[in-house]
Amino acid sequence: MLDPQLLRTDPEAVAAALKPRGYELDVAAWRELESRRKELQIHVQELQNQKNQSAKSIGQAKARGEDIQPLLDEVRHLGEELGRSESEFNEVQSRQQGWLLEMPNLALPDVPQGNDENDNVEIRKWGELPQFNFEPRDHVELGEVTGMIDAQAAVKLSGTRFVVLKSGLSRMHRALAQFMLDVHTQEHGYMEVYLPYLVNAATMTGTGQLPKFEDDAFATTDDPPLYLIPTAEVPMTNLVAGEIIDADDLPMRFTSQTPCFRREAGSYGKDTRGIIRQHQFEKVELVQIVRPENSNSALDDLTGHAESILQHLIIPYRVIILCTGDMGFASARTYDIEVWLPGQDRYREISSCSVCTDFQARRMKARWRNPESGKPELVHTLNGSGLAVGRTLIAVMENYQQQDGSIKVPKVLRPYMNGQKIIR
RNA sequence: GGAGAGGUGCCAGAGUGGUCGAAUGGGCUCGCCUGGAAAGUGAGUGUACGGUGUUGAGCCGUACCGAGGGUUCGAAUCCCUCCUUCUCCGCCA
């Protein structure tokens, strides 16, 4: 959520900043709603004050044993008027709140302006592209050749955009997640957490999935419903919702492996081949809660932590910065890590690392006590995939494939696979 | 799922309709005392929002005692619904 104060004092500036993000703010309408709110709030508070005053004098009169009937007559009309004004005020306020909840975060100044992914800018590249003396297969073919990806079974069980992995591939999938968690906890100072996969609406609202993106999430039929997490970012960031954190406890670094559930509404026909885009996938997520002044460097750190996984695995990748039009709702700056897939002869997204400034913190009421002011102030939150396990598995398959379709096991994974060197 | 008991400020814990933002104790902050410290002692110590303002000192007001609704001139206190914690029973990994 944006700072309502800022929207109050300078809506034009907010509108201008929101425009490159593809959000048109109707400044005139906002202004009108805002002045209505102000008017009503003053009125309501004035009536409440009158109510309190007269209630007090009635109490005093009664204590003195006086006749309170005349006083009662005096305030009779107050309740009615107050009720009317209050409900009008609440209505205006909730409209304003609803509006605020659907406005995206402001991009930081250094984010490139643009409309879509074509305007993203490459920052750096790492690794050497693998050379094959045969035509490399993509992961779908490799899965078929080895029989370790069973798409048919998944369709039978659930439908499209699900997968069944078998044998060595399933094991490598597990090994990858374990390996990532170990790196982040042992080398980068993250605390591993185990999290709920079903969360309530408040939690989904805190990180920005609700109310605007309700259609993207799976929900239970309970009343009220619970939502299947689309990423561990949701429960993990909300760990600090409503908290006032000790300055000494910052920064906080959390990591967790969870399944992620996404309806992928609006991506019909996109990535239908293979297991790039699934309704369910595993991800190791990184979350940081930091002091505002540290959030920029924290994003560089966090992105580096995610990159280190691919460096350990020795798989080439590049880092790009997303332009204003391609960024996620809550993000103020996003770096995507794209991994090299020889079977597709291109880079594909494997991680997305974002700093959300105080956008999520304001929604969640996540604060820290700033020793300088002595007051609670909003924290900054960051999140990033470290990494998407399914896509990392694809990257290993395609980069480590051999002519017969078998796949070499990267050295760092072997300890997690009982020393196994090849899966086939 | 059934029965019972709770949810109050940083913590503990009073408060069963009126002057309660809330006693008391602890903690914390600042000061006194001390050579220094302990003990003792004095004062202070929530959040959000609105108004005003010499604009981030202050002053005035509103809301908040798990959440939401209701009764009342007036609710932390009464009623209803929900959430949640604990104990016992059932069930279960």
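In what follows, chains are A, B, ... by sequence order, proteins preceding strands, each numbered from 1.
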Rounding to the closest angstrom, what is the interatomic distance between [N] and [M] at atom [atom1]?
{"N": "B:G4", "M": "B:C10", "atom1": "C1'", "result": "31 Å"}
{"N": "B:A39", "M": "B:C49", "atom1": "P", "result": "39 Å"}
{"N": "B:G66", "M": "B:U77", "atom1": "C1'", "result": "16 Å"}

*Anything below 3.5 Å on both distances counts as a pair; with that, list the stems of at least three consecutive Watson-Crick or G-U pairs involving RNA chain B.*
B:1-7 with B:83-89, B:10-12 with B:24-26, B:27-32 with B:40-45, B:46-52 with B:58-64, B:66-70 with B:78-82
For [N] and [X] - does any side-chain N or O of the residue sit under 4.0 Å from the phosphate oxygens OP1/OP2?
{"X": "A:Arg367", "N": "B:A48", "result": "yes"}
{"X": "A:Asn52", "N": "B:A63", "result": "yes"}
{"X": "A:Asn49", "N": "B:U62", "result": "yes"}

*Measure the NE2-OG distance between A:His43 and A:Ser85 for me, rounded to the nearest 0.5 Å.*
3.5 Å
Sequence neighbours left out, cut at 3.5 Å: what donor-acceptor pairs do the side chains of residues 13-25 of chain A make with other protein atoms?
{"unit_1": "A:Arg21", "atom_1": "NH1", "unit_2": "A:Asn105", "atom_2": "O", "d": "2.7"}
{"unit_1": "A:Arg21", "atom_1": "NH1", "unit_2": "A:Ser331", "atom_2": "O", "d": "3.0"}
{"unit_1": "A:Arg21", "atom_1": "NH2", "unit_2": "A:Met327", "atom_2": "O", "d": "3.2"}
{"unit_1": "A:Arg21", "atom_1": "NH2", "unit_2": "A:Gly328", "atom_2": "O", "d": "2.7"}
{"unit_1": "A:Tyr23", "atom_1": "OH", "unit_2": "A:Trp99", "atom_2": "NE1", "d": "3.1"}

*Which nucleotides of nucleotides 65-73 of chain B have their base under 4.0 Å from a protein heavy atom (B), which only their sugar-phosphate (S), and which neither (-), written as one string 5' to 3'?*
--------B
*Mind telling me whether A:Tyr416 and A:Phe179 have parallel, tilted or perpendicular rings, with 30° and 60° as the class edges?*
perpendicular
*Which of residues 38-47 of chain A sit near RNA chain B, with a heavy atom under 4.0 Å from it?*
A:Lys38, A:Gln41, A:Ile42, A:Gln45
Quick test: give all pairs of protein nitrogen or oxygen and nucleotides 55-60 of chain B nitrogen or oxygen below 3.5 Å, distance rounded to 0.1 Å.
none

*asked:* Please list all pairs meeting salt bridge (charged side-chain N to carboxylate O under 4.0 Å, His left out) that have one or both residues in residues 162-172 of chain A, counting only residues at least two apart or in different chains.
replied: A:Asp150-A:Lys166
